[in-house]
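Working notes for the structure below.
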There are 2 protein chains.
Amino acid sequence: MAQQWLDDDQQRTWRSWLTVAELLPRTLDAQLQRDAGISHAAYVVLAMLSESPDRSRRMSDLARRANQSQSRLSHTIARLEERGWVRRERAAEDGRGNRAVLTDAGWDVVRAAAPGHAAAVRDALFASMTSEQTRVVGEALDAVLERLDPDRSLRVEYDGPEGQSSE
Amino acid sequence: MAQQWLDDDQQRTWRSWLTVAELLPRTLDAQLQRDAGISHAAYVVLAMLSESPDRSRRMSDLARRANQSQSRLSHTIARLEERGWVRRERAAEDGRGNRAVLTDAGWDVVRAAAPGHAAAVRDALFASMTSEQTRVVGEALDAVLERLDPDRSLRVEYDGPEGQSSE
DNA sequence: TGTGCTCACTTGACACTGCAAGCGAAGCTC
DNA sequence: GAGCTTCGCTTGCAGTGTCAAGTGAGCACA
């Protein structure tokens, strides 16, 4: 058992990964919870909807883009619906499907939350990294993704924390 | 709202981060759950104990090193205790404190789980990165940590997935 | 038209986590 | 040594996530 399963650099990187992966979401969740009263997962969903045509998307499409399982998204949307920020509509094109639609109230919530959240991301993550590091980390993560999920069944595809709108 | 809050590289890196941070834990959790019947958080606790003097640690120390809040660790240990893998002892040096002690059964579980988990980490993460990327990512994460948690109140400090023992 | 499959989602039970409150032991301070 | 405060930990509860089973609409084929 004295055998090394990871080399020294890998071990260091692994430990640091574990810690950041614990701390960073906690930090961002706390900020969003405090300032907007929502979780990060819910924010991503709202932000994604705010950037979609008609501010709406099919559930399954939204799930893939927001990196959530269908079941999880269903729960997330249910909670957002209770608060009046999203509503569900039967999909016109396929009676089995649902579309999640961002309400005006939901729109206001995203708009209000976006700048603070963007600032938090910059402050917590990118303020500490050089542009070179940012680039290399991005490339490395993409390589990891390529192997972890070759057919891109999940992939975050919204334009970032700023919630850029189509306006 | 056309304003860019993150530059292009940052946005790409952020999206990739979000996806990997979702997928990687899910992958590792699934592997551990399938092969050893425990969560990753529980594994880290067991591994840490297995490397500690007398296979035991004070709760607060363990919490810090395993990257968990005290409350969370208390729950985790309670669950491990139910399964007979850990037991609690009043700390001799301070009557307020507890020590978590790894039982023989717990020891066997870690030993059995370690190689498979190490392989999963290598396969899921490091197999996709060059050694240069591994190094740079590690440095970048450390820089992030330095800012996120300057006084190192949390810090993963076990020797990696292989659960290197002192034998 | 009816039977049976698949698809898109939803639902319910259960596990894990954070937060806030609680509890007893230690450590003052007088 | 009585009364406070602090410390180390635990507990209960609410929120969020997963997994497996359920529901009802489409679709294929006789």
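Convention: sequence-line order gives letters A, B, ...; per-chain numbering from 1.
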Could you tell me how far apart [X] ([atom1]) and [N] ([atom2]) are, to the nearest whole angstrom?
X     : N      : atom1 : atom2 : value
A:D61 : C:dC9  : CG    : P     : 9 Å
A:D94 : D:dC27 : CG    : C1'   : 11 Å
A:L80 : C:dT10 : CG    : P     : 13 Å
A:L73 : C:dT11 : CG    : P     : 13 Å
A:R58 : C:dA8  : CZ    : C1'   : 7 Å
A:Q70 : D:dT23 : CD    : C1'   : 14 Å
B:I77 : C:dA15 : CD1   : P     : 18 Å
B:N98 : C:dA25 : CG    : P     : 12 Å

Problem set entry | Candidate pair B:R26 and B:D29, rule salt bridge (charged side-chain N to carboxylate O under 4.0 Å, His left out), full reasoning | CA-CA 5 Å; B:R26 201 179 300 175; B:D29 262 333; over 6 Å; no
Just by distance, with hydrogens left out, do [X] and [Y] show a side-chain donor and acceptor under 3.5 Å apart?
X     : Y      : value
A:D35 : A:Q31  : yes
B:S16 : A:D142 : yes
A:S56 : A:R99  : yes

Exercise. Run the salt bridge (charged side-chain N to carboxylate O under 4.0 Å, His left out) check on A:R88 and A:E81 step by step: do they pass?
Worked result: CA-CA 8 Å; A:R88 271 184 258 227; A:E81 211 170 10; 3.1 Å; yes
Exercise. Minimum heavy-atom separation for A:R57 to A:L49, with atom names?
Worked result: N-CD2, 3.8 Å
Exercise. Where do A:S50 and A:V110 come nearest, in terms of heavy atoms and distance?
Worked result: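 Shortest heavy-atom separation between A:S50 and A:V110 comes out as OG-CG1, 4.1 Å.
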Problem set entry | Non-hydrogen side-chain atoms of B:H75 and B:S71 separated by less than 4.5 Å |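 Yes; the side chains approach each other to less than 4.5 Å.
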Exercise. Of the residues in residues 83-93 of chain A, which ones touch DNA chain D at a heavy-atom distance under 4.0 Å?
Worked result: none
For this session: Specify the residue among A:G95 and B:M59 whose closest nucleotide of DNA chain D lies further upstream toward the 5′ end.
Result: B:M59
Seminar exercise, completed: Whether each nucleotide of nucleotides 17-24 of chain C has a protein heavy atom under 4.0 Å at its base (B), only at its sugar-phosphate (S) or at neither (-) is summarised, 5' to 3', as BBB----B
Seminar exercise, completed: For B:R147, the side chain to side chain contact (heavy atoms under 4.5 Å, CB included) test, sequence neighbours excluded, returns A:D123, A:A127, A:S128
Exercise. Just checking A:S60: base, sugar-phosphate only, or nothing, at a heavy-atom cut-off of under 4.0 Å?
Worked result: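 Since only primed, P, OP1 and OP2 atoms lie under 4.0 Å of A:S60, the category is sugar-phosphate.
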